[in-house]
Amino acid sequence: MSAPFKPHWNLLARLSIAVLGGGAGGALLALWGYWHTPYGQRLQEEVAQPVLFDHRHHVVDDLVDCRYCHFNVERGASAGIPSTQMCLNCHSQIWNKSPKLEPIRKSYFTGIPIEWVRVHQVPDFAYFNHSIHVKKGVGCVTCHGRVDEMPAVTKVASLQMAWCLDCHRNPAPQLRPPEEITSMTWAPPEDAAARTALAAELMKKYDVHSRVSCTTCHR
Amino acid sequence: MREPRVVLCQVASVEKLYDAARTLQAAGFTALDFYSPYPLPGSDEVLKLRRSPVPAIAAVAGFTGVALAVLMQWWMNDVDYALNVGNRSAVPSPTWVPIMFELGVLLAGIAIFLGLLALFRFPQPYDPLFEVDAFRSATVDALWLSVKVEAGEVERVSSELRQLGASEVQLVPEGA
Amino acid sequence: MPSMKSLPVIQDPATKALPGHRPLWQSVEEVARRRGEFAAGAAEAPPELSRRSFLQILGASAAFAGLTACQPPRDKIVPYVQEPKEDRPGKRLHYATALSFEGYATGLVVAAAEGRPVKVEGNPAHPASLGASSAFDQAALLDLYDPGRAKGLWRKGQALGFRTFLSEVQKLSAAHEADGGARLSFLLAPDASPLLAEFRRRLQLRFPRATFRFWAPIADDHAQEGARLAFGRKLDLHARLERARVILALDSDFLATPGDSLRLTREFASRRQPGEEMSRLYVAEPAMTLTGAVADHRFRVGPAEVSPFASAVAAELGLGKRSAPAGSPLARAAKAVAADLSRNRGRSLVLVGPRQPASVHALAHALNSALGNAGETVVYTKPVLGDAAPSSAAITDLARDVEAGRVDTLVVTAWNPVYAAPAATDLGALLARVPNAIYHSLREDETSKACSWRVAAAHPFESWGDARGRDGTVSIVQPLIAPLYESVSTVDFLAAFLDEGDKGGLRHLQETWRARTGLDPATFDREWQRWLRQGIVAGTAESPVAAALAVPPAELTALDPPARPEGLEIAFAPDYSVWDGRFANNAWLQELPDPVTKVTWDNAAYLSAETARRLGVSEGQVVTLAVKGGSLSAPVKVMPGHADDCVTLPLGYGRADGGAVSKGVGVNAYRLRTTPGAWRVAGAAVTPGKGKHRFAVPQGHFAMEGRPLALDFASHEWAHGEGGGELEHLRGTPPTAQVPVDYSKPDYKWGMAVDLSRCTGCSACLVACQEENNIPVVGAEQVAKGRIMQWIRIDRYYSGPAADPQTISQPVMCQHCETAPCEYVCPVNATVHSDEGLNEMVYNRCVGTRYCSNNCPYKVRRFNFLNYRPEVAPVETLLMNPDVTVRSRGVMEKCTYCVQRIERARIEARVAGKKIEGLQSACQQACPAEAIVFGNLNDSGSKVARLHDDARRYDLLHELGTRPRTAYLARIRNPNPDLA
Amino acid sequence: MTPEAAAAATKGPLAEAPLILGHPTDRQLNDELLAPIFDPNANWKKAVGVAAAGTGLLAVGVVVTIARGIGMWGNNIPVGWGYGIINFVWWIGIGHAGTLISAILLLFQQKWRTSINRFAEAMTIFAVMQAGLFPLIHTGRPWFAIYWLFPYPNTMGIWPNFKSPLIWDVFAVSTYFTISLLFWFVGLVPDLAALRDSAKSKVHRIAYGIFALGWKGSSRHWQHYRIGYLILAALSTPLVLSVHSIVSFDFAVAQLPGWHTTIFPPYFVAGAVFSGFAMVLTLMIPARAVLHFEKVVTVRHLENMAKVMLVTGLIVSYGYGMENFMAWYGGSAYEAFLFFRTRTTGPYAPIYWTLIFCNVLVPQTFWFKKLRTNLAWLWIASILVNVGMWSERFVIIVVSLHRDFLPSSWGIYAPTWVDWSIYVGTLSFFSLLFLLFLRFVPSVAVAEVKELNHELHHQAGGHA
């Protein structure tokens with residue numbers, strides 16, 4: 001009776017090989033998968049802001065157009081975060097006593113700006129410009145989602161390069177008529193033919209071309 | 001005892017080994033195997049083994065690798081994101097060749113290795129044969145022969161083998 | 001601090017930064033913090049985690065599994081409390097202002113992003129700029145953000161608030177009023193500012209017995225004196241090179257003259273096209289200069305032989321009889337030059353440099369009038385600096401007064417007298433004796449050490465003022481940002497002695513100008529706005545005066561030039577990088593390769609190979625130069641084309657307390673300048689020393705090895721089409737395996753053309769590029785290792801005899817090859833081609849294999865071998881151009897044709913539904929010679945397209961089949977057949 | 001009188017010396033060849049200590065490089081590649097002998113291969129491990145390079161550039177390493193089993209038992225094993241040729257004078273084999289003495305290797321000749337300048353002449369049997385050849401780069417202490433691995449030697 005091993009070693013050996021191989025592969029796969037999960041992309045994270053600002057209320061109830069507060073969206077790279085002054089344009093009249101607006105009044109009188117927390121961020125080496133997108137018929141909702149249904153603004157698109165490329169390669173389906181840019185509810189025609197027709201028309205109208213050269217975004 | 005038992009014996013030389021095998025086969029015992037420290041010329045014929053599937057495995061894997069390489073390079077650089085790289089945009093491109101070759105070899109090689117493991121049922125550190133202490137010489141310098149027999153015939157076969165000049169004739173204990 | 005409450009609307013970016021007005025100041029600070037890393041366009045607050053470390057963690061987390069759960073903290077967004085009216089996040093605002101240099105202003109247009117100046121450009125409306133800018137102008141931005149700037153107001157090491165300072169000065173002035181300021185003395189920087197002149201007038205009224213002296217280390221009082229000799233009064237000379245066909249420059253580096261270099265370069269370049277009207281330049285000078293390098297004939301003469309040469313020319317023209325021994329090469333040259341000059345009466349010009357004695361200047365005036373050039377190629381005006389012209393004597397006079405204890409209060413705005421004054425006077429010790437030595441300076445320097453009061457000066461970009469160009473044109477200097485540190489503008493500083501220091505520069509300015517113009521308030525305000533917008537006050541240029549010789553030419557030619565000195569002569573020269581030393585703490589300029597010698601971070605004792613051989617010294621050997629009253633050990637550098645028996649020493653190095661950057665760089669040539677303002681010192685003894693010095697020179701080899709790289713042709717060969725034939729083989733589409741991509745479809749096909757006939761090698765483009773593209777400075781050691789980062793390289797090649805070679809300089813930046821060799825070797829697709837034919841470099845994709853650089857035949861790629869931006873002060877991050885990614889360690893970079901400008905222009909044009917127009921690359925915009933032209937090759941009407949079809953066009957390394965988008969135009973020389 | 005000499009004396013000078021001396025039984029062979037594992041040499045520990053210390057240098061160098069940047073090396077513009085790539089190519093080259101010996105000689109049925117192939121394969125694997133280190137650490141941002149170089153679907157939606165020879169390298173080197181490792185391990189299995197079965201101590205039996213995977217020498221296994229092993233060999237043979245061809249593409253595909261050379265692939269491969277055999281000799285000559293393998297690793301083995309070196313050396317020399325001929329015949333001024341001025345008289349001329357001496361002249365001595373069979377000279381020559389091959393890579397990489405098209409951008413390259421410590425570090429790491437190999441793994445293919453023994457004696461008609 002001199003075998004160096006006992007019979008159950010056979011099972012043991014095969015198991016351990018399976019575990020080692022599977023483990024390594026699994027780890028890599030998990031690592032890769034992470035960036036494709038909502039967590040990795042930081043989607044649907046409700047971010048606490050210094051002021052309890054509710055887009056639903058302002059957009060739906062008060063019918064304030066996006067461009068009223070995001071004044072720069074048609075002219076500049078960044079859409080523009082409203083200044084304290086802008087809040088008070090209305091709130092000096094209405095709700096001017098509301099405790100919810102205390103931070104606003106504080107900021108105005110001390111002159112210390114409100115520090116909002118960033119939700120949509122592209123890396124600094126990616127040069128995104130709002131004005132050109134808006135001018136070429138890309139609606140707010142396309143990237144920012146139904147802000148009018150968000151108590152607190154959350155990210156709905158990954159903002160990863162591959163995601164950008166989808167549209168940059170084939171802009172047509174994402175375009176909408178100029179008057180619908182800020183609309184939260186506009187949808188392209190149901191009927192496929194009409195949809196493509198409109199897309200083609202808009203492509204012409206806006207003179208949109210697909211731009212996928214690196215320097216379009218990286219400089 | 002339905003389980004067939006294995007009789008194991010050491011044989012002095014290759015010629016003797018093959019004689020013993022042939023006699024046993026003549027007697028209807030075909031479940032034979034030899035054990036030697038290095039491959040024995042002709043053993044395949046004596047044992048009447050079928051052709052090995054290993055070459056087929058290698059071929060399939062190899063050509064898969066080549067095809068994969070072509071598709072990968074073409075799709076990634078000329079379809080999915082067709083960048084203008086120094087105005088060198090020929091399809092098919094000679095630049096595909098190195099990776100076609102490498103990927104083919106890589107897959108073939110890995111397939112052969114895994115194929116062998118599968119064919120051998122490896123890893124298999126334990127084997128009832130190892131219970132026979134003298135059998136350790138099988139990988140060092142001795143030639144061994146094993147034959148599967150019905151429990152009833154162990155004795156007959158053993159004596160047969162001794163007559164054929166085999167030494168160390170023993171019954172392999174049942175796999176615990 | 002000066003109050004700025006009354007700023008006009010246009011000034012809001014500055015008001016934004018009002019100190020004590022926290023929020024916006026803070027928001028500037030916020031912007032500041034975020035610029036250190038990959039900087040984005042918008043004006044939100046910084047990521048807490050620096051971009052680089054973020055990327056590294058990202059990479060690491062992918063590399064080593066397990067870190068996957070790392071989520072970068074979220075940024076903050078800090079909006080304004082109140083938007084300024086005209087500023088919007090990401091918008092560029094341009095302000096016209098002016099920068100004075102040696103008293104003369106150059107009009108500038110400065111671009112501000114989020115309220116911080118980020119780019120300096122020339123002001124096309126300004127006669128001294130014509131849209132171009134010099135390396136010094138460009139580098140002013142780095143001075144503005146220099147963390148080593150002087151901060152605060154100090155008396156005897158104790159800090160004074162601005163108010164306290166004012167009241168103290170008030171007391172002081174009151175005390176001096178008693179004796180009419182007899183014991184009060186001013187040592188001022190030369191400045192043509194009308195406002196300051198007005199102040200001086202009022203100060204003289206208040207302190208009739210006070211002394212006002214003007215001083216600068218480098219003054220051209222010889223020229224003034226020469227004019228006095230010739231015309232009986234001091235006059236400014238203005239060359240009109242666009243009219244000159246034959247130019248004789250006697251030891252005159254007119255292409256690098258303060259206040260005038262840009263205009264002169266532009267005019268000179270405009271006449272370097274082949275053809276009848278092409279100008280011819282003769283230069284006689286000791287050391288090779290920018291001007292000498294572009295000369296058609298350069299005569300290698302020591303500083304003392306210039307005068308005999310001049311008289312020889314004069315003699316040939318029948319003025320005076322003194323002439324060099326006939327038959328000597330110089331005599332032959334003089335003969336030919338004279339002949340050429342006389343052939344071009346009224347179209348020729350004789351210029352003399354400040355290094356030459358007054359007699360030579362006088363002689364030149366005589367020649368010009370004799371040749372009928374006065375009023376044609378040269379006009380005279382009354383001196384723009386007027387009484388504010390610097391005089392070299394000032395320093396000795398002052399020293400004498402102080403010595404005699406006649407000065408209680410000394411007010412210094414002149415730049416760093418202690419450093420630049422002759423060692424013998426030991427001004428440092430003297431100033432220490434003055435009870436109240438008040439030094440107003442941008443930086444803490446040698447002089448600050450000696451003075452009891454140290455007052456930090458506000459940078460011109462931070463203060464109100466006015467200034468005049470060399471032709472007299474007035475510009476209003478307006479601030480672009482509130483002072484970054486506690487400091488006082490020159491205006492407020494001098495006003496303090498009129499007890500008006502708190503009135504604010506703007507009010508002083510407006511009151512003075514309202515008074516001068518006598519306009520009614522309404523009109524004045526309109527005018528004022530126009531001045532600010534245009535950057536000039538129209539019609540303020542000095543009008544030419546008819547200058548008749550006060551004495552017969554003969555007398556002038558008879559003036560004795562100083563006798564030929566014995567022994568070795570040392571000639572001092574302002575330095576192309578640090579001038580007289582005032583830019584010594586500016587890293588951009590320190591690392592700017594000297595346009596002639598290519599040396600960075602250094603000066604040296606330059607001499608000819610022959611002289612070196614005779615002295616038995618070798619390149620880099622440290623020698624001791626001794627003259628009467630001073631000695632200095634300096635490393636030797638052999639300069640091709642340098643005259644024999646003399647040494648050239650650039651000034652401005654070897655700073656003891658010049659700031660962190662300048663420390664230990666070069667040797668202090670002022671130690672040998674024993675008489676103030678002296679340009680030459682004779683009888684120098686040279687003793688070879690032991691030490692060996694290693695110069696940081698980015699260019700290693702100066703011969704073309706017979707390769708067709710920087711091409712030039714003599715005008716007559718060119719006329720006979722000999723050159724043209726040769727160029728045929730160097731242009732057009734070479735046969736290559738690849739099917740060429742068709743770039744005619746997209747709207748734009750970017751290309752560049754570089755005209756070697758125009759390029760003088762002045763290197764303004766390098767600094768402009770560095771500023772525009774956030775290019776790091778690496779320091780002498782790294783430069784010596786071959787790791788300089790500038791995207792443009794100005795190659796200098798010598799040909800002909802080593803002792804007296806011809807030179808040519810060739811700017812080389814990325815050629816944007818259509819079949820780029822760098823691209824196909826990159827394993828990660830980090831450098832590829834855009835649909836408009838740009839060779840794109842994607843920093844954030846680069847992993848740094850450096851294969852692209854190896855395969856680049858032009859070697860124009862630059863690699864971040866180390867982290868060349870170790871933690872930067874927040875204020876330095878303000879400098880960054882937000883449109884350009886700041887590259888991290890391990891990343892390749894190179895010229896992008898200013899793609900950020902292209903994309904900005906594209907977006908603005910497309911938003912407005914127009915086509916891109918008037919787009920310039922940074923180098924093109926700065927170039928005074930208009931040698932670099934960038935634009936759209938698909939627009940056949942564009943200048944660049946025309947140049948690509950020019951007969952002189954050729955491609956660098958054409959035979960490699962790289963199809964570069966940058967074309968070169970061969971240089972044409974215009975030699976005198978008689979001297980062939 | 002040594003046994004070799006005796007053997008040679010008894011037969012005529014033309015008769016081949018035997019591959020196995022004496023008539024050992026399988027058991028004797030087994031015990032002698034496995035002896036180093038069961039009773040190791042007393043000095044082994046000391047040697048390991050030294051090698052480990054040297055490996056520390058490697059660690060230091062790598063850490064400094066990654067922490068501070070490539071700037072810690074001597075690289076610059078124009079010389080973008082320096083020691084990093086020189087060593088990469090050098091090590092890869094050395095790696096080639098192993099696969100060549102074991103695969104190609106196997107296909108050609110060269111019996112003398114058996115006693116040295118294991119040794120050579122191990123050397124291959126360890127050399128490739130050193131080589132593989134460099135492409136990664138020489139990049140500016142290894143933390144990205146380590147995964148961006150592979151084509152995996154990523155959130156950026158972009159892919160590697162398959163036109164770049166560096167990507168070919170990634171595939172070639174990783175394939176080469178994997179295949180060599182498999183080939184080596186497959187060959188090892190029977191010997192591990194032999195170890196398991198001839199070991200005295202339980203520990204050894206278990207340890208080797210695990211790696212033997214349960215091998216019992218069954219003829220049913222030998223059938224698949226033989227064909228599998230043969231095909232692996234058949235695959236490795238072109239692989240070897242491809243790998244160094246691809247490495248040579250790193251240069252040949254570029255357009256730099258001195259790089260853009262069509263003869264590179266064949267002459268890189270020959271050079272690789274050349275240096276590989278040199279390294280085998282450098283290691284084998286002392287090892288065989290220390291481990292007492294004279295019986296199976298006879299002078300004839302060494303001599304054969306010398307012959308191979310002579311041949312490959314001649315091919316390499318031919319390569320040099322062709323390079324120069326083409327530089328002259330091709331009529332490119334840039335090429336001519338590099339070959340006839342920069343290389344021969346430039347600042348790095350001494351290195352160029354070293355390479356000519358070591359790679360062209362030294363191997364010529366192998367024409368003479370006296371020198372071929374003189375172990376001392378063989379050993380020195382092998383070291384000289386390795387020096388020569390290193391210089392060749394230096395000349396190709398640094399000398400071509402430091403003076404290319406535009407004289408204005410010519411530069412000079414000088415390695416730093418980090419360069420040196422990494423280079424010395426890899427040498428030590430290589431030795432360390434080798435020492436471990438000699439101690440714990442049968443360094444001669446025991447099973448194959450037994451098989452050979454078996455064959456020989458059947459031919460000889462004798463019987464063990």
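Just so we're on the same page: letters track the sequence lines, and every chain starts at 1.
Considering only heavy atoms from C-beta on, C/P827 stays 4.5 Å or farther from D/F162 through its side chain. Residues D/F405 and C/L960 are in side-chain contact: their nearest non-hydrogen atoms beyond the backbone lie under 4.5 Å apart.
Between chain D and the residues C/G700, C/C846, C/A703, the most heavy-atom pairs under 4.5 angstrom are made by C/C846. The choice from D/S332, D/P78, D/G74, D/G411 that makes the most heavy-atom pairs within less than 4.5 Å of chain C is D/P78. Comparing D/G84, D/P135, D/P165 by how many heavy-atom pairs each has under 4.5 Å with chain C, the most go to D/P165. Put simply, of C/L709, C/V812, C/V828, C/T849, the one with the most heavy-atom pairs under 4.5 Å next to chain D is C/T849. For the options D/P142, D/G69, D/A333, heavy-atom pairs under 4.5 Å to chain C are most numerous at D/G69. The most heavy-atom pairs under 4.5 Å with chain C, out of D/F337, D/W410, D/W168, come from D/W410. When each of C/P698, C/C826, C/P821 is scored by its heavy-atom pairs under 4.5 Å with chain D, the top score falls to C/C826. The candidate from C/K598, C/R845, C/R861 with the greatest count of non-hydrogen atom pairs under 4.5 Å with chain D is C/R845.
For chain C, no part of D/R403 is nearby; none of its heavy atoms comes within less than 4.5 Å. For C/T831, no part lies near chain D; criterion is any non-hydrogen pair under 4.5 Å. Of the atoms belonging to D/F150, not a single heavy atom falls under 4.5 Å from chain C. Interface remark: D/D169 contributes no atoms to any contact with chain C (heavy atom separation under 4.5 Å). Contact annotation for C/C856: only backbone heavy atoms (N, CA, C, O) come within less than 4.5 Å of a heavy atom of chain D. Contacts between D/I66 and chain C at a heavy-atom distance below 4.5 Å involve the backbone alone (N, CA, C, O).
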Dump the intermediate steps for side-chain hydrogen bond (donor to acceptor under 3.5 Å, both in side chains) on D/S164 and C/Y851, then the final yes or no. CA-CA 10 Å; D/S164 167; C/Y851 200 173; over 6 Å; no
I would like to know whether D/Y334 and C/E959 meet side-chain hydrogen bond (donor to acceptor under 3.5 Å, both in side chains); could you show each step before the answer? CA-CA 11 Å; D/Y334 304 105; C/E959 66 271 44; 3.1 Å; yes
Residue pair D/K163, C/E823: steps toward the salt bridge (Lys or Arg N to Asp or Glu O under 4.0 Å) verdict: CA-CA 9 Å; D/K163 296 179 183 70; C/E823 289 179 7; over 6 Å; no
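Listed by first then second residue, pairs satisfying ring-ring contact (aromatic ring centres under 6.0 Å, His included) with a partner in residues 808-827 of chain C read C/H816-C/Y897, not counting sequence neighbours.
Residue D/R68 holds its CZ atom at 9.0 Å from CG of C/N867, rounded to the nearest 0.5 Å. Here D/F144 contributes atom CZ and C/N844 contributes atom CG; the two are 9.0 Å apart, rounded to the nearest 0.5 Å. Rounded to the nearest 0.5 angstrom, C/N855 CG and D/D250 CG are separated by 11.0 Å.
The shortest heavy-atom contact between D/G140 and C/F863 is CA-CZ, 3.9 Å. When all heavy atoms of C/Q699 and D/S408 are compared, the pair lying nearest together is CG-O, 3.4 Å. D/L406 approaches C/P857 most closely through the heavy-atom pair CG-O, 3.8 Å. For the residue pair D/H138 and C/R850, the shortest heavy atom distance occurs at O-NH1, 2.9 Å.
Between the side chain of D/R141 and the backbone N or O of C/V891 there is no donor-acceptor pair closer than 3.5 Å. C/R889 places no side-chain N or O within donor-acceptor distance of the main-chain N or O of D/I70, the cut-off being under 3.5 Å. Judged purely by atom type and a 3.5 angstrom limit, C/N829 uses its side chain to pair as donor or acceptor with the backbone of D/W159.
For D/Y423, the ring pair (Phe, Tyr, Trp, His ring centres under 6.0 Å) test picks out D/W90, D/W390, with sequence neighbours left out.
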Listing, residues 783-794 of chain C side-chain donor-acceptor contacts under 3.5 Å, not counting sequence neighbours, or none:
unit_1: C/K785; atom_1: NZ; unit_2: C/E781; atom_2: OE2; d: 3.4
unit_1: C/R787; atom_1: NE; unit_2: D/N75; atom_2: O; d: 3.0
unit_1: C/R787; atom_1: NH1; unit_2: C/Q782; atom_2: OE1; d: 3.1
unit_1: C/R787; atom_1: NH1; unit_2: D/G71; atom_2: O; d: 2.9
unit_1: C/R787; atom_1: NH2; unit_2: D/G71; atom_2: O; d: 3.2
unit_1: C/R787; atom_1: NH2; unit_2: D/W73; atom_2: O; d: 2.6
unit_1: C/R787; atom_1: NH2; unit_2: D/N75; atom_2: O; d: 2.8
unit_1: C/Q790; atom_1: NE2; unit_2: C/E591; atom_2: O; d: 3.1
unit_1: C/W791; atom_1: NE1; unit_2: C/E893; atom_2: OE2; d: 2.9
unit_1: C/R793; atom_1: NE; unit_2: C/D795; atom_2: OD1; d: 2.7
unit_1: C/R793; atom_1: NH1; unit_2: C/Y858; atom_2: O; d: 3.1
unit_1: C/R793; atom_1: NH1; unit_2: C/K859; atom_2: O; d: 2.7
unit_1: C/R793; atom_1: NH2; unit_2: C/D795; atom_2: OD2; d: 3.2
unit_1: C/R793; atom_1: NH2; unit_2: C/Y858; atom_2: O; d: 3.2

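Enclosure of atom CZ in D/F325 by more than 12 non-hydrogen atoms of other residues, nucleotides or ligands within 6.0 angstrom is indicated.
The only option from D/I77, D/N76, D/V79 that meets the side-chain contact (heavy atoms from CB on, under 4.5 Å) definition with C/S853 turns out to be D/I77.
Residues of residues 255-264 of chain D that come closer than 4.5 Å to chain C, counting heavy atoms only, are D/Q255, D/L256, D/W259, ordered by residue number.
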